[in-house]
There are 2 protein chains.
Amino acid sequence: MIRLVIVDDHPIVRGGLRDTFAGSDDIVVVGEAADGAEGISRATLLSADVVLMDLRMPGMDGVAATAALREHSPSARVLILTTFDSESDVLPAIEAGAIGYLLKDALPDELMRAVRAAARGESVLAPSVTQQLLGQIRKPGPGALTDREREVLQLVANGSSNREVASALFIGEASIKTHLQHIYDKFGVRDRASAVAEGYRRRLLT
Amino acid sequence: MIRLVIVDDHPIVRGGLRDTFAGSDDIVVVGEAADGAEGISRATLLSADVVLMDLRMPGMDGVAATAALREHSPSARVLILTTFDSESDVLPAIEAGAIGYLLKDALPDELMRAVRAAARGESVLAPSVTQQLLGQIRKPGPGALTDREREVLQLVANGSSNREVASALFIGEASIKTHLQHIYDKFGVRDRASAVAEGYRRRLLT
DNA sequence: GAATACATCCACCGAATGGTGGAGCCCTGA
DNA sequence: TCAGGGCTCCACCATTCGGTGGATGTATTC
């Protein structure tokens, strides 16, 4: 019997998941939680085999909760279940120790198969997520910003001029211009405004 | 008996909702749909009293579907149920003819009360949504962009220079500069890049 | 050890942008 | 009818930005 804990802040989603697994004879929902911190304690106390974790939650989010859970209960497999499939969400989740990544438009059937696979220690990724990962690994160059570039872009989005970004990062203004040029090249844009826009579209900025 | 149709692209959410109303003796879920267009036909065919509508869906989105449904089946009350409570979502939905606006973190109990209220023709808004609406009505000035300004900002976010925005809108470059100045004033920023950023943060841009 | 990616820096130039202080027209609501 | 808001336009000027084509040092990888 696979012991499953559901962590999601929406009661309706929790209800739908509970319902989905109610018809299964090898999976039992032993607990639910509405945020990351609660999810960790539930999963630990109830010795969950698999944790279905939402990414966007108030308080501790899914990535942080996944990382913490990997420490507390290494035996619990974390399966991310989220609405968002954008590139910036997937990698941090996987890095934090999630074994799978599903989207909320998954059918109940897929969901059950994924939970069983996760319980066996196998990795399950939603097709669109897999594509993204492959795309990122195959060519880590085009499109992906370096940490420094992201940092610069975030400051630009916050209204800093090149000079202000430079002094904020303790480097020269010329370097900022270079970083921005690289960002423009990667994004295929020609100015900072659309670079910021692209940054938001790719969920790199907050 | 209140005839309810659920329109949401996530099977899990639909399941949760179905489950929620299964325990009710005065509400019956007569149909489900995964996108706006399907939702309209289902609601019309099944003569729904209330339609629970998600906003973000592939294909026809919730706002468009609500507007269309108000024409096809004026007797059906549309209740918006969404994850997002940001300012730009609420008003268009209400303007399109929705009678209520709930968030997905609503408890099953609130949900049922809301559906009953909607069936009676009463308006139900989630508390945080109400606050926003009041805030918007009380001072429509500070912070809210005019249609033209939004249009300009979107083009800027897409990489257009002032001149390009001007020719795209068939007006002079000077007007674009004026619009941008107004946007900067409203947003409290000093350049187009952070104006775009703020536009994304306020969910005014796509 | 060589190649690569990354971060840092330089100079020069034209073009775009932002700041300021106007102005007129149209529509809506008081 | 008048006030206010929204949209359009103008001129001038300093600043900033983007484009180009480099350069160096370091860490990592092959």
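Computed from a prediction, not measured in an experiment: that's the story for all the values here. These values consider heavy atoms only, across backbone and side chains, with no hydrogens, waters or symmetry-generated copies. Naming convention: chains lettered A, B, ... in sequence-line order (proteins, then strands); numbering from 1 in each chain.
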Separation of atom CD in B:E149 from atom P in D:dG5, rounded to whole Å: 13 Å

Using atom NE2 of B:H179 as one end and atom P of D:dC9 as the other, report the distance to the nearest whole Å. 8 Å

Whole-Å distance between D:dG6 C1' and B:L169 CG? 15 Å

How does each nucleotide of nucleotides 11-30 of chain C score, in 5' to 3' order, for protein heavy atoms under 4.0 Å: base (B), sugar-phosphate only (S), or none (-)? -B---SSBBB----------

Would you indicate, yes or no, if D:dC9 has its OP1 or OP2 atom less than 4.0 angstrom from a side-chain nitrogen or oxygen of B:S175? yes

Using the side-chain contact (heavy atoms from CB on, under 4.5 Å) rule, pick out the option among B:D61, B:I80, B:D8, B:I6 that qualifies with B:D54. B:D8

Using a 4.5 Å cut-off on heavy atoms from C-beta on, say whether the side chain of A:R148 contacts that of A:L169. yes

Closest approach of B:L55 and B:T82, non-hydrogen atoms and distance? CB-OG1, 3.9 Å

Whole-Å distance between D:dC17 C1' and A:I176 CD1? 13 Å

Nearest whole angstrom, please: distance from the P of D:dC7 to the CD1 of B:I171. 9 Å

Does the A:T178 side chain pair with the main chain of A:A174, one donor and one acceptor, at a distance under 3.5 Å? yes

Keeping A:T146 on the side-chain end and A:E149 on the backbone end, is there a donor-acceptor pair under 3.5 Å? yes

In 5'-to-3' order, the base (B), backbone-only (S) or no-contact (-) status of each nucleotide in nucleotides 25-30 of chain D, using a 4.0 angstrom heavy-atom cut-off, is ------

Below 4.0 angstrom from OP1 or OP2 of D:dG5, is there any side-chain N or O of B:T146? no

Which heavy-atom pair separates A:D105 from B:D9 by the least distance, and what is that distance? CB-O, 4.2 Å

Tell me if a side-chain donor or acceptor on A:E110 pairs with a main-chain N or O of A:L107 at a distance below 3.5 Å. yes

Whole-Å distance separating the CG atom of A:D147 from the C1' atom of C:dC6: 11 Å

So do A:F187 and A:L145 actually touch side chain to side chain, heavy atoms under 4.5 Å? yes

Are B:D35 and B:V7 close enough that some pair of their side-chain heavy atoms sits under 4.5 Å apart? no

Provide, to the nearest angstrom, the distance between the NE2 atom belonging to B:H182 and the P atom belonging to D:dT8. 12 Å

